[in-house]
**Student:** 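I am attaching a structure below and will ask some questions about it afterwards.
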Number of protein chains: 2
Amino acid sequence: MDEESEKPERLDIPKKAIYRLSIYHRCLQKLKDNGQDTVSSTTLAKAAGVKPAQLRRDIGYFGQFGTRGLGYPVDGLIATIREALGREHLQPVILVGAGNLGSALLRYHGFQKEGFEVIAAFDARPDEARARTLNIPVHDVTELENFIFNNDVKLAILCVPIGFAQEVVNRLVASGIQGILNFSPIMLEVPADVTVNNVDLALELEHLGYFIR
Amino acid sequence: MDEESEKPERLDIPKKAIYRLSIYHRCLQKLKDNGQDTVSSTTLAKAAGVKPAQLRRDIGYFGQFGTRGLGYPVDGLIATIREALGREHLQPVILVGAGNLGSALLRYHGFQKEGFEVIAAFDARPDEARARTLNIPVHDVTELENFIFNNDVKLAILCVPIGFAQEVVNRLVASGIQGILNFSPIMLEVPADVTVNNVDLALELEHLGYFIR
DNA sequence: AAGTGTGAAAAGTTTCACAGCG
DNA sequence: CGCTGTGAAACTTTTCACACTT
């Protein structure tokens with residue numbers, strides 16, 4: 001949620017800018033596929049749905065990459081963003097809680113596409129039948145600690161029922177997990193050097209309720 | 001994404017405050033279940049994971065409800081928030097795109113719990129077998145317009161493949177949908193009086209990548 | 001004494017606007 | 001000329017701190 005930790009430099013980059021970086025990355029990928037090799041802030045900004053000045057500012061946080069009068073090199077920018085987001089290498093991820101939502105996420109291939117690999121799932125009562133329909137091993141949750149340690153996993157997706165969330169998180173943190181994508185509608189308590197990202201589906205729907213009349 | 005529309009007063013309330021309102025609502029519900037009938041900003045704020053001053057400010061956007069020296073009436077606050085979020089009545093919702101993620105969301109009961117009812121799903125090629133495993137009708141997407149009109153639906157959950165997203169959104173908007181919960185990793189174009197809420201799962205995972213070392 | 005409501009300060013973020021480079 | 005890079009202005013949101021009420 002927050003970090004006043006040991007990371008150099010990077011601390012004064014707005015969190016929202018980090019999110020936009022991923023969006024830019026996707027747009028750049030598409031441009032690259034189309035054979036573009038340079039792009040102006042105006043063009044990229046339009047594709048990403050932001051203002052050109054904001055895009056330039058966001059990119060500026062990481063250095064100077066553009067050529068005045070021309071624009072940015074597509075490949076160069078992609079490399080820079082991958083580097084910034086720590087995505088040079090395939091990142092292993094585990095998923096805890098292979099219930100309805102959890103199994104759906106395992107079948108969802110959006111993660112894989114973006115440089116993450118969900119290498120295993122864990123559940124309190126692994127469902128053999130369901131496990132066979134996924135092509136990822138579903139382990140008993142008791143094996144969590146060993147697996148994380150042996151495979152040097154840093155990221156976890158959490159889909160367990162509310163009542164178990166905090167307990168599981170404590171174990172994840174103790175085993176060395178540094179980032180948690182949390183689908184339980186609950187505020188998790190973690191040390192300052194662990195980042196939690198909440199995805200609260202009901203909350204997003206409720207939020208819309210405010211804007212419809 | 002933004003609105004400079006005809007809504008009175010409410011325009012100067014921060015969007016983030018609206019999100020927090022849903023969180024407060026949940027915490028209040030829990031307090032009520034525990035038999036509490038008043039709560040101080042300090043207590044509620046701790047439960048919601050925010051600072052007391054922020055909670056008071058957020059609540060203050062909607063009026064004065066507290067009693068100095070005592071706190072807020074739990075019931076009163078719940079009522080106020082429900083009213084603000086437009087949740088006095090059960091809100092019908094449709095889901096478009098009953099693929100992997102879509103069907104998982106249909107099985108997810110978090111929405112129902114929070115006052116929304118997913119009353120129908122639509123798909124380009126409704127899968128009969130899969131439909132039987134859900135207890136919600138899956139219609140052909142051609143019936144979209146009629147259904148929305150006949151049932152006065154205002155909210156839609158969008159889980160179609162990227163390539164179809166904008167096209168479907170145009171139809172939703174033309175049929176009177178005012179709020180869209182979008183799971184496709186794409187920036188949708190909608191008129192200013194329609195609100196889009198993006199839930200981009202891959203992006204959330206990428207965001208975590210920045211914070212792990 | 002306990003706790004709200006809120007001006008005013010601080011912090012965070014976006015946008016403008018333009019100098020300066022290729 | 002076109003487009004980046006960026007100071008400075010504008011705007012938004014959070015936090016402080018305290019007067020005020022029960």
Side-chain angles (χ1 to χ4, degrees), chain A residues 1-4 9-21 23-24 27-28 31 36-77 80-81 84 207 210, chain B residues 1-4 9-24 27-28 31 36-77 80-81 84 187 207 210:
Chain A
M1 235 75 232
D2 61 278
E3 28 1 90
E4 70 272 12
E9 271 301 307
R10 326 166 88 214
L11 291 193
D12 40 6
I13 298 170
K15 294 209 180 129
K16 290 189 168 181
I18 311 295
Y19 271 102
R20 288 189 298 261
L21 240 40
I23 300 176
Y24 303 154
C27 298
L28 286 162
L31 286 167
Q36 298 282 329
D37 51 328
T38 56
V39 64
S40 72
S41 60
T42 313
T43 308
L44 184 50
K46 197 166 297 171
V50 303
K51 298 234 164 108
Q54 181 161 72
L55 182 126
R56 295 200 298 276
R57 175 78 68 199
D58 285 346
I59 289 172
Y61 289 125
F62 298 93
Q64 302 183 185
F65 302 97
T67 309
R68 295 175 192 224
L70 222 194
Y72 298 95
V74 171
D75 278 332
L77 258 195
T80 303
I81 295 179
H207 186 242
Y210 179 80
Chain B
M1 236 76 230
D2 60 278
E3 27 5 86
E4 70 271 14
E9 270 302 310
R10 327 164 88 215
L11 291 191
D12 40 6
I13 299 171
K15 295 212 180 126
K16 290 190 168 179
I18 312 294
Y19 272 101
R20 289 189 298 262
L21 240 39
S22 301
I23 300 175
Y24 303 154
C27 299
L28 285 162
L31 286 167
Q36 297 283 327
D37 52 327
T38 55
V39 64
S40 72
S41 60
T42 312
T43 308
L44 184 50
K46 197 165 295 169
V50 302
K51 297 232 164 109
Q54 181 161 72
L55 182 127
R56 294 200 299 275
R57 176 77 71 198
D58 286 345
I59 289 172
Y61 289 125
F62 299 93
Q64 302 184 185
F65 302 97
T67 307
R68 295 175 191 222
L70 222 193
Y72 298 95
V74 171
D75 278 332
L77 257 195
T80 303
I81 294 179
M187 285 310 250
H207 187 242
Y210 179 80

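Letters go in sequence order (proteins before strands), and every chain restarts at 1.
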**Student:** Please pick, from C/dT13, D/dT22, C/dA19, the nucleotide with the shortest atom-to-atom distance to any side-chain atom of A/Arg68.
**Tutor:**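 Closest nucleotide among those given: C/dA19.
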**Student:** Please classify the nucleic acid contact of B/Gly69 as base, sugar-phosphate, or nothing, using heavy-atom distances under 4.0 Å.
**Tutor:**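 Base contact - B/Gly69 has a heavy atom under 4.0 Å of at least one base atom.
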**Student:** Both distances under 3.5 Å, Watson-Crick or G-U wobble: on that basis, could you give the dot-bracket string for DNA chain D, with [ ] for crossing pairs and | for other-strand partners?
**Tutor:** ||||||||||||||||||||||
**Student:** Which listed nucleotide (D/dT22, C/dT15, D/dT4) is nearest to the side chain of A/Lys51?
**Tutor:**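 Out of D/dT22, C/dT15, D/dT4, the nucleotide with an atom closest to A/Lys51's side chain is C/dT15.
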**Student:** Has the side chain of A/Arg57 got a donor or acceptor atom sitting under 3.5 Å from an opposite partner on the base of C/dT15?
**Tutor:**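 Side chain to base: pair present.
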**Student:** Return the value, rounded to whole Å, for the distance between atom CD1 of A/Ile13 and atom P of C/dT14.
**Tutor:**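 Checked: the CD1 to P distance equals 13 Å.
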**Student:** Which heavy atom in B/Phe65 sits nearest to a heavy atom in B/Pro73, and how many Å separate them?
**Tutor:**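 Minimum heavy-atom contact is O-CD, 3.2 Å.
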**Student:** Figure out the NZ/P separation between B/Lys15 and D/dT13, and round it to whole Å.
**Tutor:**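 Checked: the NZ to P distance equals 8 Å.
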**Student:** What is the distance from atom OG of A/Ser41 to atom NZ of A/Lys51, rounded to the nearest 0.5 Å?
**Tutor:**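 Separation between the atoms: 13.5 Å.
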**Student:** Can you tell me how far P of D/dA9 sits from CD of A/Gln54, to the nearest Å?
**Tutor:**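 These atoms are roughly 20 Å apart.
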**Student:** Which one, D/dC3, D/dT14, C/dC18, comes nearest to the side chain of A/Ser40?
**Tutor:**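 Nearest nucleotide to the side chain: D/dC3.
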**Student:** What pairs with A/Ala47 under side-chain contact (heavy atoms from CB on, under 4.5 Å), at least two apart in sequence or on another chain?
**Tutor:**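 side-chain contact (heavy atoms from CB on, under 4.5 Å) list for A/Ala47, sorted by chain: A/Cys27.
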**Student:** Give the ring-plane orientation class for B/Tyr210 versus A/Phe62, where under 30° counts as parallel, over 60° as perpendicular and anything between as tilted.
**Tutor:**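 Rings of B/Tyr210 and A/Phe62: perpendicular, over 60°.
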**Student:** The side chain of B/Arg56 is closest to which nucleotide in this list: C/dT6, D/dT13, D/dG5?
**Tutor:**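 Among the listed nucleotides, the one closest to the side chain of B/Arg56 is C/dT6.
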**Student:** At what distance, to the nearest 0.5 angstrom, does CG of A/Leu44 lie from CD1 of A/Ile59?
**Tutor:**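 If we round to the nearest 0.5 Å, A/Leu44:CG and A/Ile59:CD1 are 6.0 Å apart.
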**Student:** In whole Å, what is the span from the CG atom of B/Asp12 to the P atom of D/dT12?
**Tutor:**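 These atoms are roughly 10 Å apart.
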**Student:** Check every strand shown and say whether B/Gly60 touches a base, only sugar-phosphate, or nothing at a heavy-atom separation below 4.0 Å.
**Tutor:**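 B/Gly60: no heavy atom of the nucleic acid under 4.0 Å.
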**Student:** Taking CG from A/Leu44 and C1' from D/dG2, how many angstroms apart are they, rounded to a whole number?
**Tutor:**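 Nearest whole value for this atom pair: 17 Å.
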**Student:** Nearest nucleotide by nearest heavy atom, which residue falls closer to the 5' end of DNA chain C, A/Asp58 or B/Gln64?
**Tutor:**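 Closer to the 5' end of DNA chain C: B/Gln64.
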**Student:** So which atom in B/Ile18 and which in A/His207 form the shortest heavy-atom distance, rounded to 0.1 Å?
**Tutor:**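 Between these two residues, the closest heavy atoms are CG2-CD2, 3.5 Å.
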**Student:** Atom CG of B/Asp58 and atom OH of B/Tyr24: how far apart are they, to the nearest 0.5 Å?
**Tutor:**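 One finds 3.5 Å between CG of B/Asp58 and OH of B/Tyr24.
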**Student:** Judged by each residue's nearest nucleotide on DNA chain D, which is more toward the 5′ side, A/Lys16 or A/Ile59?
**Tutor:**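 Counting from the 5' end, the first nearest nucleotide belongs to A/Ile59.
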